[in-house]
Structures are given as C-alpha cells and as structure tokens.
There are 2 protein chains.
Amino acid sequence: MSAQSDKHAVLCEKLKACDIRPTPQREVVLKVILEKRDHPTADEIFARVKASMPTISLATVYNCLETLVTCGLVRQVNLERAPTRYCPNLQEHAHFHDEVTGKVHDVELPGDFMDRLRTILPAGFDASTVELNFRGKAATN
Amino acid sequence: MSAQSDKHAVLCEKLKACDIRPTPQREVVLKVILEKRDHPTADEIFARVKASMPTISLATVYNCLETLVTCGLVRQVNLERAPTRYCPNLQEHAHFHDEVTGKVHDVELPGDFMDRLRTILPAGFDASTVELNFRGKAATN
DNA sequence: AGTAGGAATTAGAATAATTCCAAATCACCC
DNA sequence: GGGTGATTTGGAATTATTCTAATTCCTACT
C-alpha cells in the first residue's frame with residue numbers, strides 16, 4: 001500500500017468515524033487543514049485545495065468546513081473582524097494572535113485548564129465552549 | 001445645571017480626557033453605549049442614535065466606534081461570525097454568549113485573573129490583550 | 001446491473017458587515 | 001471672525017459568507 005492511499009484511508013476513516021460521507025472534496029479539505037497547521041482562512045484553503053482539485057468551488061469549501069466543524073474534526077477560530085480561520089488541533093488550547101505578522105499560534109495549556117476556567121462562571125451559566133485568545137507581539141524566531 | 005447638560009459635560013470630559021474632539025456625534029454614540037449595556041452591534045447603535053440625531057450616518061457611527069475603541073473608552077467584542085458588539089465595561093471581565101437568546105453577558109473576574117492567565121504563555125510571547133469568551137446556556141431568569 | 005432518492009457539489013447571485021472615497025461641514029486656534 | 005485640519009456624510013465598493021437552483025453523485029434496493 002502506497003503512502004498516498006494510506007493517507008487517503010486515514011482521512012476516509014476519520015470522516016466515516018463522524019458519520020459523514022467521505023467525499024473527495026471533504027477529504028482534500030481536511031487534508032489541507034491537517035498538513036499545514038497555520039490556521040488558514042476559507043480562501044486560503046480554497047486556493048490550496050484547487051492545486052489538487054481544480055474544479056472544486058468555494059461554496060463547497062465552505063460546506064466542507066461547516067461539516068468538519070460541526071462533527072468536531074476541525075475548529076474554527078474567530079479573531080476580531082478578520083475572516084474565520086480553521087485549526088486542526090483538537091487538544092484544548094488557546095490562541096495567540098501575533099499583531100505584527102498576523103500569524104496565529106497555538107498555546108498549549110495545563111491539563112484541566114479550561115475546566116478550571118469554567119469554574120469562575122456564576123451559578124446558572126453552563127458553558128459548552130471556552131475560548132481563550134491572546135493578542136500581542138511574539139519574539140521573532 | 002440640568003441633568004441633561006450635566007450628562008453632556010460628563011461625556012464631554014471623557015472624550016477630552018482621551019485627547020479627541022468632543023463632537024456631538026461621538027458624544028451621543030458614547031451615551032448610547034453607556035446607557036444600555038447590552039452589547040449592541042454597530043447597526044443597533046445606529047438605530048438608537050438616530051432617535052436623538054436623525055441625520056447621523058452609519059459611516060459616522062463606525063468612525064466614532066473606532067475612535068472610542070482606539071482611545072479605550074469602549075471595547076469591542078467579537079464572537080464567531082456575528083457582527084462586532086460594543087461594551088462599555090472597562091473592568092477586566094470575560095464574556096458569556098448565550099446560545100439560546102444570543103445575548104452577551106459580562107462575567108466579572110477575580111482581581112488579577114487576566115494577569116494570571118498571561119503567565120501561561122511561553123517565553124517570548126507578550127500579550128497586550130487577553131480575551132476570554134464562554135458560550136453556552138444560561139439559566140432563564 | 002438498473003434505478004429511485006437523498007446527499008453533495010457547483011456556479012453564480014444575494015446578503016450583510018464594514019470600509020473607502022470625495023465632497024461638504026465643523027470645531028478649535030489665532 | 002477666518003483659516004485649517006479634523007470630522008461627517010452619503011453612496012459606492014469591498015469582503016466574507018450564505019443562499020439558490022440545477023446538476024451530479026452515492027447508496028441502497030430490486
């Protein structure tokens with residue numbers, strides 16, 4: 001089995017595990033998000049996907065992204081007014097938005113951090129998701 | 001001195017303290033944000049402002065908001081893909097986004113909370129702002 | 001294998017939030 | 001009170017995203 005088809009199989013499994021049809025479009029969108037973890041926007045994903053699938057439409061990219069987000073294979077990150085970005089890191093983590101370069105970095109968190117954050121909520125508030133974003137300058141390296 | 005002009009004077013002072021010209025438009029935009037602390041969008045602010053200043057334009061509302069945000073009198077809150085909301089609470093606080101009602105609630109935080117959050121950043125990351133957003137269901141009351 | 005039926009994809013139009021632009025007006029300083 | 005740079009204005013433009021309707025593709029069933 002080639003590395004190619006191996007990858008295909010892995011992606012396919014991921015999709016099937018979420019009970020969604022493993023279409024070629026979904027596969028390639030997911031592949032693109034996984035292989036360069038730089039929090040691309042829908043437009044950037046569209047451009048990268050077109051390299052291997054020139055006939056795909058932007059609407060399909062949006063459809064696939066929505067599906068992947070809904071089934072939890074990908075997270076969306078919204079920072080300020082900028083276009084939504086997509087992140088394949090499923091661990092709990094925060095985001096650091098570099099205001100010089102515009103890049104977004106993942107920030108790993110101590111184990112139960114997000115759960116501890118949840119405890120500051122007053123009674124009656126039940127949070128399904130917690131989002132922690134930093135913004136500032138990162139050392140150039 | 002009437003309560004009206006008193007209010008006017010207070011707003012005016014706030015603007016001047018930030019080294020920006022206290023124009024009537026900026027004053028009324030700020031007034032609207034301060035008097036109903038429900039995190040309105042630019043459009044909602046526009047509608048409310050028009051009640052007392054029917055000739056104001058949406059572009060001006062955006063201009064004023066940008067000025068007020070830049071000088072720190074108002075904060076902007078961005079949640080998901082929804083329009084930007086504006087918040088007059090200058091204390092450090094988090095936001096809770098009620099996914100049923102769509103409302104945004106302020107969540108007060110223990111004193112040095114945001115600073116403690118900052119300490120989880122790896123060396124080389126210097127955050128100027130920290131944003132903590134929850135999303136979920138709030139008890140109806 | 002053939003086909004019905006639902007799901008997914010497509011291209012392009014539509015929408016919605018925000019920004020841009022150029023002209024008119026305003027506010028502050030002398 | 002006049003000059004000057006800041007501000008406001010309305011409308012056009014931009015940008016991200018969603019909608020729509022038609023087409024194509026799978027999948028299951030016979």
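From a predicted model like this one, the values you see are computed outputs, not experimental measurements. Every chain is numbered from 1 and lettered A, B, ... according to where its sequence line falls, protein lines coming before strand lines.
Between B:Glu80 atom CD and D:dA16 atom P there is a gap of 19 Å when expressed in whole angstrom units. In this structure, the CZ atom of B:Arg85 is 11 Å from the P atom of C:dA17, given to the nearest Å. Taking atom CE on B:Met53 and atom C1' on D:dT8, their separation rounds to 10 Å, with Å as the unit. Distance A:Phe46 CZ to D:dT15 P: 16 Å, rounded to the nearest Å. When rounded to the nearest whole Å, the span between CG of B:Asp43 and C1' of C:dT19 equals 14 Å.
Residue A:Gln25 places at least one side-chain N or O under 4.0 Å from the OP1 or OP2 atom of C:dT10. The side chain of A:Arg81 places no N or O atom within less than 4.0 Å of a non-bridging phosphate oxygen (OP1 or OP2) of C:dA17. Of the side-chain N and O atoms in B:Thr23, none sit less than 4.0 angstrom from OP1 or OP2 of C:dA27.
Comment: A:Asp112 does not engage A:Arg118 in a salt bridge, judged by the lack of any side-chain N to carboxylate O separation of less than 4.0 angstrom. With respect to A:Arg75 and A:Asp106, no salt bridge is recorded, no charged nitrogen being found less than 4.0 Å from a carboxylate O.
Annotation: B:His105 is in aromatic contact with A:Phe125 [ring centroid separation under 6.0 Å]. The distance between the ring centers of B:His95 and B:His93 falls below 6.0 angstrom.
Checked against side chain to side chain donor-acceptor pair (under 3.5 Å), A:Asn133 has the following partners two or more places apart in sequence or in another chain: A:Glu131, B:Glu131. Qualifying side chain to side chain contact (heavy atoms under 4.5 Å, CB included) partners for B:Tyr62, counting only residues two or more places apart in sequence or in other chains: B:Ala42, B:Leu58. Considering only residues two or more places apart in sequence or on other chains, B:Thr70 meets the side chain to side chain donor-acceptor pair (under 3.5 Å) condition with none of them.
Counting any heavy atom pair closer than 4.0 Å across all strands shown, A:Thr84 reaches sugar-phosphate atoms only and no base atom.
Between A:Thr23 and A:Leu15 there is no side-chain heavy-atom pair separated by less than 4.5 Å.
Sorted by residue number, the members of residues 12-22 of chain B with any non-hydrogen atom under 4.0 Å from DNA chain D read B:Arg21. Residues from residues 55-79 of chain B lying near DNA chain D, meaning a heavy-atom separation below 4.0 Å, are B:Thr55, B:Ile56, B:Ser57, B:Ala59, B:Thr60, B:Asn63 in numerical order.
Taking the screw axis at each terminus of the helix from C:dA1-D:dT30 to C:dC30-D:dG1 from five consecutive base pairs, the angle between the two is 30° to within rounding of 10 degrees.
Other residues, nucleotides and ligands place no more than 12 heavy atoms under 6.0 Å from the CD atom of B:Gln91.
Atom CG of A:Leu121 and atom CG of A:Asp126 lie 8.5 Å apart (nearest 0.5 Å).
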### Task
Apply the test side chain to side chain contact (heavy atoms under 4.5 Å, CB included) to residues B:Lys16 and B:Asp19: give CA-CA distance (whole Å), side-chain angles for both, the deciding distance (0.1 Å), then the verdict.
CA-CA 5 Å; B:Lys16 280 197 273 193; B:Asp19 272 322; over 6 Å; no

